[in-house]
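Presented below is the structure to which this report refers.
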Amino acid sequence: ESYPHLPAPKDVVVYSYNFHSSLRWSPVKVDSGLVLYTVHFKTGAFNQWDEMNCTHISQTECSFPWSLKERRWMVILRVRAELGQVTSDWVETDPFVAERNTTIGPPEVISVTANSDSLLISVAPPFGHESGDFFQYHVSYWENATSTTKKETKMNNTLFKIGNLKELTLYCFRIQVELMTHSDHLLLGLPSVPECYRTTIS
């Protein structure tokens with residue numbers, strides 16, 4: 001039975017970064033005793049609650065199990081607080097679909113080679129992709145002196161060139177990944193931290 005005096009967890013959110021997902025919530029504070037938590041999940045396909053690997057846990061985070069790694073599934077989670085035999089009400093999340101709701105991190109810049117009229121940039125995607133994934137890299141770059149005028153380009157490869165640059169000039173760039181999944185959904189990732197390089201003299 002739920003007990004009116006044990007508050008339910010607050011700030012219950014699914015946190016998802018590069019398809020690693022977990023449920024997080026604020027701790028329930030009581031005067032005495034250790035509050036534990038239990039998390040359940042259900043998918044859009046089966047309307048029944050199942051236990052996750054988080055039953056009577058003391059921490060306020062529960063990672064998704066391997067069985068929920070399918071990105072296209074709709075998942076709903078719920079969590080409650082427990083103190084001895086006393087339990088709070090369940091708190092449910094909004095439906096979560098990793099393919100739509102995850103945050104994609106920036107790509108990793110592996111190397112940059114500066115030439116007199118170009119920068120040759122090598123990057124790695126932020127995570128290993130599944131079959132059917134298609135990565136595109138959005139590159140914005142600018143002369144550091146005139147950072148108001150940015151140019152943009154899109155690349156499909158992890159090695160690409162920014163060309164038609166002036167020599168002996170400092171250029172900055174940042175890159176975002178756009179992921180097209182096999183259900184044709186587009187996710188734009190977070191931009192990388194700007195990096196600046198000076199072109200050489202010909």
For the student: nearest non-hydrogen atoms of Ser21 and Phe96, plus distance: OG-CZ, 3.7 Å

Per-pair distances, 0.1 Å, donor-acceptor, side chain in residues 152-168, under 3.5 Å, sequence neighbours excluded:
unit_1 : atom_1 : unit_2 : atom_2 : d
Asn156 : OD1    : Gln136 : NE2    : 3.2
Lys166 : NZ     : Glu143 : OE1    : 3.4
Lys166 : NZ     : Glu143 : OE2    : 2.8
Glu167 : OE1    : Ser202 : N      : 3.4
Glu167 : OE1    : Ser202 : OG     : 2.8

How many angstroms lie between atom CD1 of Ile104 and atom CG of Leu188, to the nearest 0.5 angstrom? 8.0 Å

Centroid-centroid under 6.0 Å between Phe127 and Phe135 rings: yes

Check whether any side-chain heavy atom of Lys69 sits under 4.5 Å from a side-chain heavy atom of Phe19, and report yes or no. no

Give, for atom CD of Glu195 and atom SG of Cys172, the distance between the pair rounded to the nearest 0.5 Å. 9.5 Å

Across all chains, not counting sequence neighbours, the side-chain hydrogen bond (donor to acceptor under 3.5 Å, both in side chains) partners of Arg72 are none

Shortest non-hydrogen separation from Pro126 to Pro107 and the atoms involved: CD-CA, 4.2 Å

Could you give the side-chain donor-acceptor pairs of residues 53-60 under 3.5 Å, partners two or more places apart or in another chain?
unit_1 : atom_1 : unit_2 : atom_2 : d
Thr55  : OG1    : Glu51  : OE1    : 3.4
His56  : ND1    : Glu82  : OE1    : 2.7

Taking only residues at least two apart or on different chains, which pairs with a member in residues 100-121 satisfy ring-ring contact (aromatic ring centres under 6.0 Å, His included)? none

Let me check something: do Val112 and Val139 share a hydrophobic cluster, defined by ILVMFWY side-chain heavy atoms less than 4.5 Å apart, either directly or through other members? yes

Considering all heavy atoms, the nearest Ser67-Trp73 contact: O-CZ3, 3.2 Å

Any heavy-atom pair between the side chains of Asn101 and Val14 that's under 4.5 Å? no

Given the rule that I, L, V, M, F, W and Y join up when any side-chain heavy atoms are under 4.5 Å apart, are Leu68 and Trp25 in one cluster? yes

Output yes when a side-chain donor or acceptor of Asn18 lies under 3.5 Å from a complementary backbone atom of Gly105, and no otherwise. yes

If you define the side chain from C-beta out and look only at heavy atoms, does anything of Tyr137 sit under 4.5 Å from Val177? yes

OG-OH distance between Ser22 and Tyr17, expressed to the nearest 0.5 angstrom: 13.5 Å

Output the distance between atom CG (Leu77) and atom NZ (Lys42), rounded to the nearest 0.5 Å. 11.0 Å

Between Arg24 and Glu61, does at least one N-O distance fall below 4.0 Å, as a salt bridge requires? yes

Short side-chain to backbone donor-acceptor contact, Ser192 and Ile175, under 3.5 Å: yes

Is Leu187 linked to Met74 within one hydrophobic cluster, defined over Ile, Leu, Val, Met, Phe, Trp and Tyr using a side-chain heavy-atom separation of less than 4.5 Å? no

Please tell me whether Tyr171 and Trp142 are part of a single hydrophobic cluster in this structure, the criterion being side-chain heavy atoms less than 4.5 Å apart. no

Please state whether the rings of His40 and Trp49 are parallel, tilted or perpendicular, taking 30° and 60° as the class boundaries. tilted

Shortest non-hydrogen contact between Pro9 and Val91, atoms and distance: O-CG2, 3.4 Å

Member of Val13, Val75, Val12, Val79 meeting the side chain to side chain contact (heavy atoms under 4.5 Å, CB included) criterion with Thr93: Val12

Run the numbers on Phe64 and Val39 for side-chain contact (heavy atoms from CB on, under 4.5 Å), then give the verdict. CA-CA 10 Å; Phe64 280 32; Val39 179; over 6 Å; no

Common cluster, Tyr141/Val109, ILVMFWY with side-chain heavy-atom separation under 4.5 Å: yes

Minimal heavy-atom distance between Ala81 and Val35, with the atoms involved, is CB-CG1, 3.8 Å

Applying side-chain contact (heavy atoms from CB on, under 4.5 Å), run through Phe41 and Leu23 and close with a yes or a no. CA-CA 10 Å; Phe41 76 92; Leu23 186 69; over 6 Å; no

Side-chain atoms of residues 113-124: list all donor-acceptor pairs with protein atoms under 3.5 Å, sequence neighbours left out, distances to 0.1 Å.
unit_1 : atom_1 : unit_2 : atom_2 : d
Asn115 : ND2    : Ser118 : OG     : 3.3

Residues at least two apart in sequence or cross-chain that pass side-chain hydrogen bond (donor to acceptor under 3.5 Å, both in side chains) with His185, listed by chain then number, are Arg100

List the atom of Ser63, the atom of Met52, and the distance in Å for their closest heavy-atom pair. O-CE, 3.7 Å

